[in-house]
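Structure record follows, encoded as structure tokens.
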Amino acid sequence: MSIATGPAATEDVADASTTTTADGAAPMRRGRAVGQLVACLAVFGALLVYVAVADLSSVEARNLSTTRLLTLSWQHFLLAMAAALLVIVLAIPLGILLTRGPMRRFSTPITAVAGFGQAAPAIGLIVIAALYFGTGRFPFVCALAVYGILPVLANVVTGIDGVDPRLVEAARGMGMSAFSTLVRVELPLAIPVIMTGVRTALVLMTGTAALGGFVNAGGLGTLVNTGIKLGLDNVLIVGALAIAALALFIDWLARIIEMAATPKGL
Amino acid sequence: MSETDVTNADLPADGPEPQVHGQRILLDGVTKRYPGQKAPAVDDITLEIPAGEIVMLVGPSGCGKTTTLKMINRLIEPSEGRILIGDEDVTHKDPDELRRHVGYVIQGAGLFPHLTVAKNIALVPRLLGWDKARIEARVTEMLELVNLEPDQYASRYPRELSGGQQQRVGVARALAADPPVLLMDEPFGAVDPITRQRLQDELLRLQEELRKTIVFVTHDFDEAVKLGDRIAILQVGSAIAQYDTPEAILANPANEFVEGFIGHGAALKQLTLTRVRDVDLHEAAVARVGDDPAQAVAAAEELGREHVIVLDGAGRPLRWLPLRALRRPDALTRVARDENLESVSLASTLNDALDEMLTSSHGVVVVTGRRGRYEGVVRIETVMEAMQGLQSPAHEAGRVTR
Ligand SMILES: Nc1ncnc2c1ncn2[C@@H]1O[C@H](COP(=O)(O)OP(=O)(O)O)[C@@H](O)[C@H]1O
Ligand SMILES: [Mg+2]
């Protein structure tokens, strides 16, 4: 699974803006979206079929039942979503703050600090969180969020800073308050860039949530962990493939939301 | 060969003066110092802008025009001095409240790309808390005012409009809440010359009806002469080199700086002072869509013309047709509009007309009046005569004597 990073995210934005302006390009994009959904559903369906029909030993069967695969996938999805929610709640207000007049000068250092979160090995972050706050879901989700905050924070700042300053001035010149200008002009225009950051973070955290297996946080990582510990290759591979399929699915979902959330005239 | 003079129905003959809606603006000892700069960008400017007039701020780049303009709606806060709109000192008013009553148009229109044309225009009325029905009616009215078909354009997004159309919407948006004062910062700087000329004509037409107080920044002296009731020529630091009517500035430049700014060919610039409506138009051979081509040919031959201007049902010019194109009996049933038809309006200057003529293969330019209806044509001879008239010392500024 390839993980998109900051610079790749910005490139994606440029791509998005050209596809929306050029006619004809939109259906192609829709075609790609359908293809991606079909691919991840196909992989997941194949895994379910395998789990149902394969000749498994009793240890394997305990780890690879249909219900167990579905439950762990759902847990995994929730872990990633919870972390994403936390990231959004933290990064969007912080990002907005960093584009406001006097706070602007903190924008570079704080983005750099957020960069450490991503540069640090994810496993280290998660273990530290487990050491200080115990194992289980909540500390794990927090550690994931730290890991995923950078792309969102960076894209909120880039997105808002990228809004044509003349439009902001036009808004203020018409008598819109600073807050109203933010909500009705700056944020709507920055949505495509912000959503790209959110999508990047989601995919990143879906992959990283596999480490939840090591700290008792649940999710598909449990299969990977068990597979490694007990030397059950098929359990390990099913877990890894399911994570990849889920990451693709979440990316697809985020793309759909991104398309729907992008204001029509852009 | 007889040529009938066409009288201009559009001339504000002897009807009552339209009501002035604008308010005067007074800049009183206004200075702006940007932090970290030694010399002030605007140094103690005092300028009175009379109600209902268009005052042009013109000067070289960086002389402080934009800064001066933006201090009026306090996008830039003055360092010193006060600014009055009407009798109210606005330097201490709530800036958002102030700006809702001051129209503001910038280069490239500054339309919000994520809002439809209608929503863009409705912005300030919404901020002022107008009710929905009133806003809707106002949007329709404003689109009609700037010659954009409401049904066709209201629900479009800005990127679906041409540059000129965007600029029109920009003007409509600025006027939507009926502010007494309109500030325009090089609004027509980013469009092609032909579109610019049309937008200028339209602004003049609007102003005839609206009589707002308009402060208009430009670096183009011709534009200043064409649009301005008065021109303030500014030097570095927004120092006023001369503040007077275009006629007076052209006739008596106050100093070398102004002379330099007017540049050479002041006689030619006088053409900018004369409007198409000030000269006698000529009559071309006219045919309407649906007319009998044979009759049109006969009429044209009687006038001794080789081309006919075809008008649509609403009397708007469509295109020139040579007589040989009228041989077919169905030649006038359907005539396509020539998008590049050279035309000017009654508010255009002779300079504009001359520009159009130089690109025309006919040596004439079609003149349109209200709602784009055909009024007549201007010929190159008319422009030459006007120039000779202007050069004779006895001429009265702005009026051609024949
Ligand atoms: N925000 C600003 N901060 C510092 N200096 C500025 C700012 N805006 C304009 N200036 C300076 O003030 C002077 C006048 O600028 P401006 O009013 O934009 O001129 P103009 O519109 O006539 O070209 C210029 O020297 C410009 O560099
Ligand atoms: Mg300027």
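Labels below follow one simple rule: chain letters A, B, ... track the order of the sequence lines, proteins then strands, and each chain is numbered from 1.
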Item checked: Closest non-hydrogen atom pair, B:Asp96 against A:Met176 -> OD1-O, 3.7 Å

Check: When you look at NE2 of B:His219, are more than 12 heavy atoms from neighbouring residues, nucleotides or ligands closer to it than 6.0 Å?
Finding: no

Margin query: Between B:Leu123 and A:Arg184, is there a side-chain heavy-atom distance shorter than 4.5 Å?
Written below: yes

Next item on the list: May I ask you to name which of A:Ala171, A:Ala170, A:Gly173 has the most heavy-atom pairs under 4.5 Å with chain B?
Entry: A:Gly173

Check: What is the distance from atom CG of B:Leu115 to atom NZ of A:Lys264, rounded to the nearest 0.5 Å?
Finding: 12.5 Å

Notebook entry, point to check: What's the spacing between A:Leu266 CG and B:Arg159 CZ if we round to 0.5 Å?
Noted result: 8.0 Å

Item checked: Closest contact, heavy atoms only, A:Pro188 versus B:His114 -> CB-CD2, 3.5 Å

Check: Is chain A contacted by the side chain of B:Val102, its backbone, both, or neither, given a heavy-atom distance below 4.5 Å?
Finding: backbone

Check: Who wins among B:Arg100, B:Lys70, B:Glu160, B:Gln107 for the most heavy-atom pairs under 4.5 Å with chain A?
Finding: B:Arg100

Check: Does CZ in B:Arg126 sit with more than 12 non-hydrogen atoms of other residues, nucleotides or ligands closer than 6.0 Å?
Finding: no

Notebook entry, point to check: Roughly how far apart are A:Ser177 OG and B:Glu97 CD, rounded to 0.5 Å?
Noted result: 12.0 Å

Check: Checking A:Leu189 against chain B: side chain, backbone, both or neither under 4.5 Å from a heavy atom?
Finding: side chain

Next item on the list: Side chain from CB out, backbone as N, CA, C, O: work out which of these in B:Arg156 comes under 4.5 Å of a heavy atom of chain A, or both, or neither.
Entry: neither

Next item on the list: Kindly check if the number of other-residue, nucleotide or ligand heavy atoms within 6.0 Å of CG (B:Asp87) is above 12?
Entry: no

Next item on the list: Specify the closest pair of heavy atoms between B:Leu111 and A:Leu167, including all atoms of both residues, with the distance to one decimal.
Entry: O-CD2, 3.2 Å

Note to self: Measuring only between side-chain heavy atoms, which start at C-beta, is A:Met174 closer than 4.5 Å to B:Phe112?
What the structure shows: yes

Item checked: A:Arg172 side chain to B:Leu75 backbone, donor-acceptor under 3.5 Å -> no

Next item on the list: Evaluate whether atom CZ of A:Phe138 has more than 12 neighbouring non-hydrogen atoms of other residues, nucleotides or ligands under 6.0 angstrom away.
Entry: no

